[in-house]
Amino acid sequence: MDVTNLTIESILDGYKNKKFSVNEVVESYLKRIKRHDKELNSFITVCEKEALEEAKKKDEDLANGVKLPLLGLPIALKDMFSTKGIRTTAASNVLKDYIPSYNATVVDRLKDAGAIILGKTNHDAWAHGSSGENSDFGPTKNPWNKEYTPGGSSSGSAVAVAAGLTPIATGTDTGGSIRLPASFTNVVGLKPTYGRVSRFGIISMASSLDSIGHFTKTVSDSARILQTTAGKDGYDATLSSDKPKNYLKNLKNGIKGLRLGVPKEFVTKGLQKEVKNAFEGAVKILEDLGAETLEVSLPHTEYGIATYYVIQTAEVSSNLARFDGIRFGNKRTEFGDEAKRRIMLGTFTLSAGYYDAYYKRAMQVRTLVRKDYEKAFDLSSGGVDAIIVPASPTTPWRLGEKVNDPLAMYLSDALTVTANIAGIPGLSVPAGFNNGLPVGIQILGPQFSEDLLFRIGYSFEQKTEYYKQTPNL
Amino acid sequence: MKYTPVIGLEVHVELKTQTKMFCGCSADYFGKNPNTYTCPVCLGLPGALPYPNKLAIEWCVKIALSLNCKIKEFSKFDRKNYFYPDLPKGYQISQYDLPFGHDGFIEVFKEKGSTDVKKIGITRVHMEEDTGKLTHAIVSNEKVSLIDFNRSGVPLVEIVTEPDFENEYQVIQYLQKLQKIVRYLGVSNADMEKGDMRLEPNISLSKPNTKGLPNYKVEVKNINSFRFVDRAIQFEVKRQTALLDKNQTPKQETRGWNEVKNETVSQRSKEEAHDYRYFPEPDIPPIEFTEDEITSLKSSIPELPDEKFKRFEQKYNLTSYDSEILTREKGLADYFEEVVKVGKKYQVLPKQIANEIINTKVNTEEIFPAKLVEIILENKKTETVDESELFSVVTSVLTENAKAVEEYKNGKENVLQFLIGQTMRKLGKKVDLNAVKSAILEKLK
């Protein structure tokens, strides 16, 4: 059977109407992985045997009338997610032989909802990077043009969904690691509000910035997954105690009368012409759908990257300290250049005598960035419901193009990092193609406004239908 | 030359909460099989996150309040980054610039026998987590270091004083008071032998007629008994005096206490001092207390040893000696007051009850208050004994038991019980125990 373009909805419907079995679906995805992933390199580990065993069980469950929200849904997990009994490498040689003794909360929740793990996906080691090329397991290729990067750090998850190797894949977004690769591969990528989805069991990159999200073909699929992953777990102390909303309820309500802001700081700063054109086209479509668009200002945007690279590297340097060579089997010399660079930068900025000038200052700017957004979203003083921005300043670049220029690589996150700094949610949705390579836009909203982002994304997606296009492999 | 000691103290107190500081593992690790009380969190496995123990935080605040500290309404945890194999995350979750409690004090007597009081400033009271435990051993002819993570993540409260102590007597009083307080609060067993309380004095000497603190500081690490603190301070005062007399400045360093040699030994010098790269722990949101919450924690604190001691002296007309013994442990103090209540109906005086409890070391678990009153009344019906007869018997007992007498004089106070017993036997009569005791004490003077 052809699973290339299946969504969660179509898979679950298919089970219900007995169009196909779980076993058939899982087998078909595994077959596609076998056929295409040697070249794409989107998976680090494929759990063929376990997935087939699980599929059998789920077919029995279906026959027995078991009702679970994601029963029999195949999924892929970024290799930062701890999976009990399945090696979890963080795409680094340091952990190449590490098998966790426990599941991340999100993994437990997806499994409890009936999902089946197809495998663990590739990414920049420790989620450090914007192209996937920092992986110790080799770079992942963009299925739309294999000479190009799919974006990172969650490169494998984005590619696996785009290439139809899995209907959904999880990711982590610390500075854009979900939204950027989603926009480079024509899939939907969600970075939820900080504090909405548990970080427990997911290898920490930068604890105050890490957001746990996912890639799907469609916006409604994205909402379905969040419905399963969101909410308190008693293990992540930074989670909000507010109950998750119903993310599907208002999905189809349209966007007539919504006020959407276009921040002037995002559209002028070094934006590639092709991206600008695609973005303006998207704004036009949203206006046609009945939204009102207006210019807003986020004046501290220009300090985003600098602020991000101080806070993020400081936290990275501390979070990677546990990989001290005593446990987990491999020495610290196995760390790649990018991890070493960040450990050194972070150790420096936290050192006595430098803390005030770097870390403390960055935390102060962080507050200013957060206030920028709060002001922009303050409807009582002329603010907007949500903000629309491009997901990346450029279209995908060629593999190898930026590997020797870390700063250029860092700057590709310029349009995504401020959402992490402010802790707000962002949804990246496909917005067309340029020379056969995808372009995406991001919808940003106030904290815990995921339902609104899905509503806007859904309207846009229904109008544009880019999700119907698939790459020629 | 005569110098003035300048002494400060850091004390770590392990809390006896059921679970650890940041996970659900049992904190009752003592004597358990290695690495059986562990989970991804206290093992520092990739992806594991700390989830703070609310009760431990409240207990830390209660300790701070009991030490007359101010409580920060806005507080947070910080990461203290350093490498050591017993620290699985590569950092310890602690508190840096916003400890839960700060600026408190405790009062001690200046000198032995003096009634002059000295206020010892409490700089800060903060919460942190304990580390794992390293054991260096030989296994199959190979030198190995073994790590037990059962202790990893057990809640620890650190109490830091100002350098206000002038002698070891003040230090020991402070430690005894602190130990009593945490036991009264029921937040720690403060059992020295189990490592519930770890002591780190820092000692330097100030020259006569100088102002400010000395320009060096010697820290003595992880001492596990009050007696050793006493000795370590005495040793350091001597060692540093000798150096200063030779016009040398003692090295700023960390020293350890060698129990066998009864001396401190150099461990590491200031040049190797760590830069801990503290920064706010991003995995734990800041902690805020409302005034109401602090008030309610304050009201949950029982009467503390100092107050109880004073009240016992005044209300029950006890000597400070009796009052001190009876208030050492809250359980004993409560028992005493129960007996007093019952005794009142039978005209038994608190003083008599105090004597009975102290002299006979009553087993408070077995002998209920009413029973003790009965015993006291029974004892009252004693035969009289002629004072000269008593003294002659005591004299002969003391001569016959010269060895015991010597032991008593060397500080073995429980020998007294033995001597009382011997005297009673020789008298062959039921005599007032206290009369016998004072006769023996008189003779032993």
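Quick note: numbers below take in every heavy atom, side chains included, and nothing from hydrogens, waters or symmetry partners. Below, chain A is the first sequence line, B the second, and so on; all start at residue 1.
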Engineer: Could you tell me which portion of D283(B) (side chain, backbone, both or neither) has an atom closer than 4.5 angstrom to a non-hydrogen atom of chain A?
Structural biologist: both
Engineer: Just by distance, do the side chain of R79(B) and the backbone of S318(A) share a donor-acceptor pair under 3.5 Å?
Structural biologist: no
Engineer: Got more than 12 heavy atoms from elsewhere within 6.0 Å of NZ, K331(A)?
Structural biologist: no
Engineer: Show your reasoning for whether side-chain contact (heavy atoms from CB on, under 4.5 Å) applies to D324(A) and F83(B).
Structural biologist: CA-CA 8 Å; D324(A) 53 17; F83(B) 167 77; 3.8 Å; yes
Engineer: D236(A) and Y51(B): side-chain contact (heavy atoms from CB on, under 4.5 Å), yes or no, with the steps?
Structural biologist: CA-CA 6 Å; D236(A) 176 353; Y51(B) 201 83; 5.8 Å; no
Engineer: Between T349(A) and chain B, which part of the residue has a heavy atom less than 4.5 Å away: side chain, backbone, both or neither?
Structural biologist: neither
Engineer: If you round to the nearest 0.5 Å, how far is OG1 of T347(A) from CG of N81(B)?
Structural biologist: 8.0 Å
Engineer: Where the side chain of R322(A) meets the backbone of G44(B), is there a donor-acceptor pair that is under 3.5 Å apart?
Structural biologist: yes
Engineer: Heavy-atom pairs under 4.5 Å with chain B - which of S351(A), G195(A), S204(A) has more of them than the others?
Structural biologist: S351(A)
Engineer: Can you tell me if Y355(A) has over 12 outside heavy atoms packed within less than 6.0 Å of its OH?
Structural biologist: yes
Engineer: If I take atom OH from residue Y235(A) and atom CG from residue L49(B), how far apart are they, to the nearest 0.5 angstrom?
Structural biologist: 11.5 Å
Engineer: With a 6.0 Å cut-off on the ring centroids, do Y359(A) and F279(B) count as close?
Structural biologist: yes
Engineer: Are more than 12 heavy atoms from other residues, nucleotides or ligands located less than 6.0 Å from atom OH of Y102(A)?
Structural biologist: yes
Engineer: Where does Y194(A) contact chain B at under 4.5 Å (heavy atoms): side chain, backbone, both or neither?
Structural biologist: side chain
Engineer: Can you tell which of P285(B), C39(B), P282(B), G90(B) has the highest number of heavy-atom pairs within less than 4.5 Å of chain A?
Structural biologist: P282(B)
Engineer: Using non-hydrogen atoms and a 4.5 Å limit, figure out which bit of F328(A) sits close to chain B: side chain, backbone, both or neither.
Structural biologist: side chain
Engineer: Which region of F200(A), side chain (C-beta onward) or backbone (N, CA, C, O), has a non-hydrogen atom less than 4.5 Å from a non-hydrogen atom of chain B, or is it both or neither?
Structural biologist: both
Engineer: Counting heavy-atom pairs under 4.5 Å to chain B, which of A90(A), A237(A), S198(A) comes out on top?
Structural biologist: A237(A)
Engineer: Is chain B contacted by the side chain of F323(A), its backbone, both, or neither, given a heavy-atom distance below 4.5 Å?
Structural biologist: side chain
Engineer: For the NZ atom on K96(A), are there more than 12 heavy atoms of other groups (residues, nucleotides or ligands in this structure) within a distance under 6.0 Å?
Structural biologist: yes
Engineer: Side chain, backbone, both or neither: which part of Y91(B) has a heavy atom under 4.5 Å from chain A?
Structural biologist: side chain
Engineer: Which atoms form the tightest heavy-atom contact between P46(B) and Y98(A), and what is the distance?
Structural biologist: CD-OH, 3.4 Å
Engineer: Do other residues, nucleotides or ligands put more than 12 heavy atoms under 6.0 Å from the OH atom of Y276(B)?
Structural biologist: yes
Engineer: Within 45° of the six-membered ring axis of F149(B) and under 6.0 Å from that ring's centre, is NZ or CZ of R327(A) located there?
Structural biologist: yes
Engineer: Is D210(A) in contact with chain B via its backbone, its side chain, both, or neither, using a 4.5 Å heavy-atom distance?
Structural biologist: neither
Engineer: Which answer fits S82(A), side chain, backbone, both or neither, if we ask what part of it has an atom under 4.5 Å from a heavy atom of chain B?
Structural biologist: side chain
Engineer: Tell me whether Y354(A) at atom OH has more than 12 heavy atoms from other residues, nucleotides or ligands lying less than 6.0 Å away.
Structural biologist: no
Engineer: Contact part of A352(A) toward chain B, heavy-atom cut-off under 4.5 Å: side chain, backbone, both or neither?
Structural biologist: both
Engineer: Does NZ belonging to K84(A) count more than 12 external heavy atoms closer than 6.0 Å?
Structural biologist: no
Engineer: Heavy-atom distances under 4.5 Å only: say whether F22(B) touches chain A with side chain, backbone, both or neither.
Structural biologist: neither
Engineer: So for I326(A), is it side chain, backbone, both, or neither that comes closer than 4.5 Å to the heavy atoms of chain B?
Structural biologist: side chain
Engineer: Does atom NZ of K340(A) have more than 12 heavy-atom neighbours from other groups under 6.0 Å away?
Structural biologist: yes
